[in-house]
Structure formats: C-alpha cells, structure tokens
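One structure below.
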Number of protein chains: 2
Amino acid sequence: MAERPDGAPVEVGVGFELPVLLFGGFRSIIGALHDELAEHGHPDMSPAYGYALQAVGRGGSTASEIGRRLGVSKQAAGKTVEKLEGLGYVERVDDPQDGRRKLVRLSPRGLDMLVRSAEGFDRLRAEWMRVLGAERVRAMEADLRTMAAADAFRLDMAAWFNG
Amino acid sequence: MAERPDGAPVEVGVGFELPVLLFGGFRSIIGALHDELAEHGHPDMSPAYGYALQAVGRGGSTASEIGRRLGVSKQAAGKTVEKLEGLGYVERVDDPQDGRRKLVRLSPRGLDMLVRSAEGFDRLRAEWMRVLGAERVRAMEADLRTMAAADAFRLDMAAWFNG
DNA sequence: ACCTTTTCGTCAATCACGTTGTCGAGTTTA
DNA sequence: TAAACTCGACAACGTGATTGACGAAAAGGT
C-alpha cells in the first residue's frame with residue numbers, strides 16, 4: 001500500500017465511500033424516524049419541515065431568527081412558518097414586549113412531533129448500540145466530533161447543498 | 001443508566017446527536033472537497049451539480065437514466081444536463097444505435113472534475129486516518145456499512161430531503 | 001409484415017420555494 | 001427628539017421542480 005511521508009497509509013480510490021457512508025447513515029436514521037412519525041400522526045412531515053421545526057425550538061422564536069438559523073431570508077422563513085402553521089405544527093402570537101415581533105411557538109401537535117423525534121432518535125441510537133456495541137457507537141460519535149468542522153452543524157442543509 | 005431488556009444501555013436525550021454528527025462529517029468532507037475544486041478550476045461546482053455529474057458517470061448516460069438515478073423527472077434531468085453542458089462539464093451526441101436517444105458524456109473538463117474529486121476524497125480520508133488512526137476510520141466505515149440501509153446510497157438526495 | 005406498446009426527448013403550463021426591493025410600524029440609540 | 005435599526009408583510013421575479021401532451025423511434029406480439 002502507498003504511504004505518506006509520515007507513514008500514514010493511503011488507500012487509493014476508496015475515499016469516495018466515506019462521505020457516501022456518512023450520508024447513508026444519516027439518511028437511514030432520518031428515514032426510519034420519519035417512517036415512524038408517519039405512522040404516529042405525522043404523515044406530512046418531511047426532513048425539510050423537521051429541520052424547520054428544530055429551528056423553531058421548544059422555546060419558540062421569530063421568523064427572522066428562524067431564517068438566520070436556516071440560512072435563508074426572513075421572507076422565506078415567513079413562508080415556511082405559514083406552511084407549518086397550516087399543518088398545525090406552530091402558532092403565532094403577538095409579542096407583548098415588542099410590537100414588531102410575532103412569536104412563533106410550537107403547538108401541542110408540534111411539541112408532540114419534537115418529543116416523538118427525540119424518543120425515536122434515542123431508540124435508533126440504542127439499536128445501533130445493540131448491533132455494533134455501545135463502545136463502537138461512542139467511538140464513532142467521538143471521532144466525528146473530532147473531524148467535523150464546527151460550522152458543519154448548521155441547519156441550513158437545503159441552502160448549503162445547492163451552493 | 002437505563003437499560004433495555006437485553007442489557008443494552010439506553011442513554012436518553014442524546015440520540016439526536018448521532019444524525020447531526022453523521023451529516024456534519026459528510027458536510028465537512030464535501031465542503032472541503034468543493035473548496036479544493038474551486039481553487040483548481042471548478043469554482044461553479046456545487047454539491048448538487050457534483051451529484052448530477054456522478055449520475056452521468058464515466059461511461060456516459062442519457063437524460064432519462066440520469067433522471068431515474070437522481071430521483072427526478074426526465075424533464076428536470078434534461079434541464080440539469082443543459083446547465084452542465086453550458087458550464088462545459090458534459091457534451092451531448094446523437095446515439096447512432098438508437099435514434100431517440102442523445103448520449104450525455106463527460107467532457108474533458110467533466111472528467112477532470114471527477115478525477116480531482118476522487119483524488120480529493122482519497123486525500124481527505126488519509127487525513128482522517130492520520131488524525132484518528134487508520135483502524136478507527138475503517139471501523140467507522142464497516143459500522144456504517146452494517147447499519148445503513150442498502151437503499152440509503154442513492155443519489156436522489158435533494159429530492160429525498162424535501163419529501 | 002403489421003399494429004400496439006414502450007421509450008426518448010422536447011414543449012407548455014404550472015407549482016413550490018427561494019430571491020431582492022420596498023414599505024409602515026415599532027424599538028433602540030446617539 | 002431625531003436618526004438608525006429591526007420586524008414582518010407585500011410585490012415582482014428567478015430557478016428548478018412538477019404533470020401532461022406530443023412526434024419520432026424502437027421493441028414486442030400476433
């Protein structure tokens with residue numbers, strides 16, 4: 001096998017598999033979660049809407065702030081909030097502290113979605129630990145924390161992908 | 001810590017980090033690759049176009065086939081091919097064997113992009129191995145191969161995300 | 001050989017979702 | 001108090017997807 005000056009092995013032609021596997025793992029988890037959500041009262045939830053609801057957060061937020069988190073304009077965020085409101089996941093109320101703002105809050109349905117998601121993620125991680133062993137999963141998480149750039153954890157996935 | 005009947009540990013409330021980390025790793029690699037590509041003659045390449053070019057493949061393809069691989073309609077694939085043609089990454093020729101088809105082939109520029117991508121992925125994986133150790137990277141890949149559903153490796157990322 | 005079905009690529013209308021620019025209302029700051 | 005900023009809305013527009021329809025070419029069945 002080829003080697004770099006520092007002795008690290010360089011396997012040629014297989015590097016493309018790593019990102020494919022990382023995204024495959026991500027997609028499997030998100031896909032399984034959404035299958036589960038669809039079976040429990042949330043059939044119209046997509047990964048894109050899931051990200052948006054995460055951007056709203058349990059404490060609520062405003063359209064402008066959601067736009068910043070999602071990497072889109074406040075106008076686009078406002079339209080997304082309208083959709084989520086139409087689907088019953090959020091509700092908007094006037095901010096008594098600030099006459100300009102309208103607070104976007106999770107509705108009971110939206111909160112149910114977030115709670116079910118958290119439970120589902122825990123369940124899926126436990127399943128990975130059952131199959132691979134707890135240490136292997138923790139090692140994977142630790143290694144990814146080491147290698148992933150800090151700015152890779154933003155919620156602006158759709159905006160990022162299309163460049 | 002909580003336990004499942006089979007003794008596997010269940011850590012509550014941290015499961016959401018696993019998909020975030022997986023996508024973060026993916027995004028870091030793809031981001032670094034595109035930074036590199038931008039510095040070497042491919043500034044207009046986005047992850048979305050990269051996927052499309054991967055769908056074309058070294059052997060060439062047709063618009064309909066590309067559409068199937070990307071999970072979009074043949075009309076949408078045709079427009080994407082037009083864009084890639086305008087950017088100089090592919091060229092279209094009539095199929096002498098089949099009067100209906102127009103073959104989409106990589107141009108020299110497109111091939112250069114694919115070759116640089118493969119080299120870049122190898123380099124990035126070698127960097128991960130230098131930092132984490134070769135065995136840890138191989139373990140991560142093996143574990144992801146075990147857990148990721150076979151149908152998670154499709155190229156229809158954008159279509160999948162928006163549900 | 002012939003007719004039917006399928007496939008390929010394109011045209012047109014439409015939709016989903018983002019953008020920029022503008023604006024009035026409300027808040028903050030100099 | 002006046003100026004500057006922020007919030008959310010409206011309008012116009014661009015991009016990239018959709019469905020539906022079409023002619024041309026290939027493939028299959030009788």
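We name chains A, B, ... by the order of the sequence lines, and we start the count at 1 in each one. Just so it is clear, the values below take in all heavy atoms, side chains as well, and ignore hydrogens, waters and symmetry mates.
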Figure out the [atom1]/[atom2] separation between [X] and [N], and round it to whole Å.
| X | N | atom1 | atom2 | answer |
| --- | --- | --- | --- | --- |
| B/Glu65 | C/dT7 | CD | P | 12 Å |
| B/Asp95 | C/dC8 | CG | C1' | 11 Å |
| A/Asn162 | D/dG16 | CG | P | 8 Å |
| B/Lys83 | D/dG14 | NZ | P | 14 Å |
| B/Arg68 | D/dA17 | CZ | P | 17 Å |
| A/Asp94 | D/dC7 | CG | C1' | 12 Å |
| A/Phe161 | D/dA17 | CZ | P | 10 Å |

Exercise. Does the ring centre of B/Phe153 sit less than 6.0 Å away from the ring centre of A/Phe23?
Worked result: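 Ring centres of B/Phe153 and A/Phe23 not closer than 6.0 Å.
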For this session: Give me the one residue out of A/Phe161, A/Tyr49, A/Tyr51, A/Trp160 that meets ring pair (Phe, Tyr, Trp, His ring centres under 6.0 Å) with B/Phe161.
Result: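 Single ring pair (Phe, Tyr, Trp, His ring centres under 6.0 Å) partner of B/Phe161 among A/Phe161, A/Tyr49, A/Tyr51, A/Trp160: A/Tyr51.
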Problem set entry | Residue whose nearest DNA chain C nucleotide is more 5′ - B/Asp98 or A/Pro96 |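 Final value for this comparison: B/Asp98.
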For this session: Following the transitive rule for hydrophobic clusters with a side-chain heavy-atom cut-off under 4.5 Å over Ile, Leu, Val, Met, Phe, Trp and Tyr, establish whether B/Val93 and B/Leu87 coincide in one cluster.
Result: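 No, because B/Val93 and B/Leu87 fall into different hydrophobic clusters, even though each may have its own neighbours under 4.5 Å.
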For the side chain of [X], starting at C-beta, report the closest nucleotide among [options].
| X | options | result |
| --- | --- | --- |
| A/Ala76 | D/dA9, C/dG18, D/dA21 | C/dG18 |
| A/Tyr49 | C/dC8, D/dT18, C/dC17 | C/dC17 |
| B/Thr80 | C/dT19, C/dA25, D/dA17 | D/dA17 |
| A/Arg100 | C/dA25, D/dG16, C/dC8 | C/dA25 |

Measuring to OP1 and OP2 of [N], would you say a side-chain N or O of [X] lies under 4.0 angstrom away?
| X | N | result |
| --- | --- | --- |
| A/Lys74 | D/dA9 | no |
| B/Arg101 | C/dT6 | no |
| A/Arg92 | D/dA9 | yes |
| B/Ser73 | D/dT18 | yes |

Which is true for [X] with a 4.0 Å heavy-atom rule: it touches a base, it touches only sugar-phosphate, or it touches nothing?
| X | value |
| --- | --- |
| B/Ser64 | sugar-phosphate |
| A/Lys79 | base |
| A/Ala63 | sugar-phosphate |
| B/Gly78 | nothing |

For this session: Show your reasoning for whether side chain to side chain donor-acceptor pair (under 3.5 Å) applies to A/Asp112 and A/His42.
Result: CA-CA 9 Å; A/Asp112 177 74; A/His42 301 286; 2.7 Å; yes
Kindly indicate whether the side chain of [X] and the base of [N] share any N or O donor-acceptor pair separated by less than 3.5 Å?
| X | N | answer |
| --- | --- | --- |
| A/Gln97 | C/dG26 | no |
| B/Gln75 | D/dG16 | no |
| B/Lys102 | C/dG9 | no |

Problem set entry | Any side-chain heavy-atom pair of B/Met140 and B/Leu144 under 4.5 Å |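 Heavy-atom side-chain distance check passes, below 4.5 Å.
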Problem set entry | Side chains of B/Tyr89 and B/Asp44, donor plus acceptor under 3.5 Å |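 Checked: B/Tyr89/B/Asp44 side chains pair up, N/O donor to acceptor below 3.5 Å.
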